[in-house]
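Only one structure is covered here, and it is reproduced in the block below.
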2 protein chains.
Amino acid sequence: MAERPYTHVLSMLQEAGLRPTRQRLGLARLLFEAGNRHVTAEDIYAEAKVAGIPVSLATIYNTLHQFTASGLLREVVVEPGRAYFDTNTSGHHHFFFEETGDICDIPENEISIVRLPPLPQGASLNRVDVVVRVTGGSGRNYN
Amino acid sequence: MAERPYTHVLSMLQEAGLRPTRQRLGLARLLFEAGNRHVTAEDIYAEAKVAGIPVSLATIYNTLHQFTASGLLREVVVEPGRAYFDTNTSGHHHFFFEETGDICDIPENEISIVRLPPLPQGASLNRVDVVVRVTGGSGRNYN
DNA sequence: GTGTTTGCAAAGTGTTTGCAATTTA
DNA sequence: TAAATTGCAAACACTTTGCAAACAC
């Protein structure tokens with residue numbers, strides 16, 4: 001759970017070629033200074049309000065997508081109609097708690113996929129997502 | 001690819017405890033009489049129109065969910081904002097062609113997951129979904 | 001007949017877009 | 001100052017809902 005100081009967040013943006021605007025810096029701090037997170041746009045919108053970061057929902061969406069395009073975030077799809085963004089961009093998988101909507105990480109080495117099928121011709125592998133769907137429990141008492 | 005005659009579709013509905021209305025029968029035939037399919041609500045809405053089955057989009061959604069609740073269909077989530085329904089309800093996984101939006105089945109025995117992580121306390125396993133995301137190619141020349 | 005199912009149109013949710021005003025370098 | 005970024009409000013895609021009419025048993 002590396003805590004990232006302000007300066008690190010700043011250089012993350014610079015390295016990604018994104019101007020460090022007030023909004024982007026504020027959102028990056030919320031996202032990256034607190035360990036691995038799985039958030040929706042509404043989640044950080046609410047957090048930004050509380051934190052006093054002046055930002056609109058449209059900018060939240062823009063920013064999340066820019067961060068994703070830059071490899072700072074990764075999009076996780078577990079439910080139709082809701083996009084989650086994961087601050088952990090390295091290879092790993094997820095538990096999804098169907099009742100609470102919580103998501104939590106499964107380290108890559110805790111699951112191993114043996115024997116991937118041959119890819120369809122002309123296709124190149126992008127990534128393999130594994131979602132372990134569970135009922136009961138919650139992300140609270142895990143990770 | 002078992003072709004299912006009209007009578008089979010009828011008994012599927014009866015066994016599921018669903019009244020075999022004109023709409024449900026028509027949709028069931030479109031869905032189940034042509035082998036494994038991955039469709040969106042709009043997909044079968046369009047097909048129903050062509051096939052001359054009088055049905056509204058609201059009923060399509062109702063029906064897809066009733067079929068899913070009865071175990072006749074399975075919902076597959078690969079993109080936020082779009083729900084796919086899979087006529088193959090047995091254990092298997094999917095290729096997802098990110099550009100075309102095509103989905104196709106990967107038989108369960110072509111992928112094996114070794115060593116699932118311990119479930120969070122209080123949680124019970126619902127199912128494990130594996131999505132192999134690829135770029136290039138399409139569902140056309142596969143399966 | 002009675003309860004179920006349908007369909008319309010309206011509402012809902014989550015997300016994207018156009019464009020003028022603002023901010024950054 | 002020039003180019004990038006923001007924010008509003010409107011538009012969007014997809015899905016759900018309320019309720020009266022139609023249907024199945």
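Per chain, numbering begins at 1; letters A, B, ... match sequence-line order. Here the structure is a predicted model, which is why all the values come from computation and not from measurement. What's counted below: heavy atoms across the whole structure, side chains too, no hydrogens, waters or symmetry copies.
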TODO: State, to 0.1 Å, how close A:Leu72 and A:Ala16 come at their nearest heavy-atom pair, and which atoms those are.
DONE: CD2-CB, 4.2 Å
- [ ] To the nearest Å, give me how far apart CD (B:Gln66) and P (D:dT17) are.
- [x] 13 Å
Task: Donor-acceptor side-chain pairing of B:Ser124 and B:Asn126 below 3.5 angstrom - done: no
TODO: Check the distance between C:dT6's C1' and B:Tyr45's OH and give it to me in whole angstrom.
DONE: 13 Å
TODO: Output the residues of residues 49-64 of chain B in contact with DNA chain C, where contact means a heavy atom of the residue under 4.0 Å from an atom of the strand; sort by number or write none.
DONE: B:Pro54, B:Val55, B:Ser56, B:Ala58, B:Thr59
Task: Test item: A:Tyr84 and A:Glu79 side chains (from C-beta on) under 4.5 Å apart, heavy atoms - done: yes
TODO: Would you name the heavy atoms of B:Glu110 and A:Pro117 that are closest together and state the gap between them?
DONE: OE1-CB, 3.2 Å
TODO: Assess the side chains of B:Asp129 and B:His94: does a donor N or O sit below 3.5 Å from an acceptor N or O?
DONE: no
TODO: Would you please name every residue forming a side chain to side chain contact (heavy atoms under 4.5 Å, CB included) with A:Glu15, sequence neighbours left out?
DONE: A:Ser11
Open item on the list: For residues 40-66 of chain B, which residue pairs pass the salt bridge (charged side-chain N to carboxylate O under 4.0 Å, His left out) check, not counting sequence neighbours?
Closed with: B:Arg37-B:Glu47
TODO: Count the heavy atoms belonging to other residues, nucleotides or ligands that lie under 6.0 Å from CD of A:Glu99, then report whether that count exceeds 12.
DONE: yes
Hey, what are the protein-to-nucleotides 19-22 of chain C N/O distances that come in under 3.5 Å?
none

Task: Atom-pair distance (CD1 on B:Ile44; P on D:dC14), nearest Å - done: 13 Å
Open item on the list: Are B:Phe95 and A:Val77 linked, directly or through intermediate hydrophobic residues, by side-chain heavy-atom contacts shorter than 4.5 Å (ILVMFWY only)?
Closed with: no
Task: Positions of residues 18-27 of chain B (non-hydrogen atom under 4.0 Å from DNA chain C), listed by number - done: B:Arg19, B:Thr21, B:Gln23, B:Arg24
- [ ] Measure the distance from CZ on B:Arg82 to C1' on C:dT15 and round it to the nearest whole Å.
- [x] 13 Å
Open item on the list: Would you say B:His65 places a side-chain N or O within less than 4.0 Å of OP1 or OP2 belonging to D:dT15?
Closed with: no
Open item on the list: Just by distance, no angles: are the side chains of A:Gln14 and A:Arg19 close enough, under 3.5 Å, to form a donor-acceptor pair?
Closed with: no
- [ ] Work out how much the helix from C:dG1-D:dC25 to C:dA25-D:dT1 bends between its end axes, five pairs an end, to the nearest 10 degrees.
- [x] 30°
TODO: Find out whether B:Leu13 and B:Leu10 are in side-chain contact, i.e. whether some heavy atom of one side chain is under 4.5 Å from a heavy atom of the other.
DONE: no
- [ ] Count the heavy atoms belonging to other residues, nucleotides or ligands that lie under 6.0 Å from CZ of A:Arg127, then report whether that count exceeds 12.
- [x] yes
TODO: Evaluate the side-chain proximity of B:Thr89 to B:Asp86: yes if any heavy-atom separation is below 4.5 Å, no if none is.
DONE: no
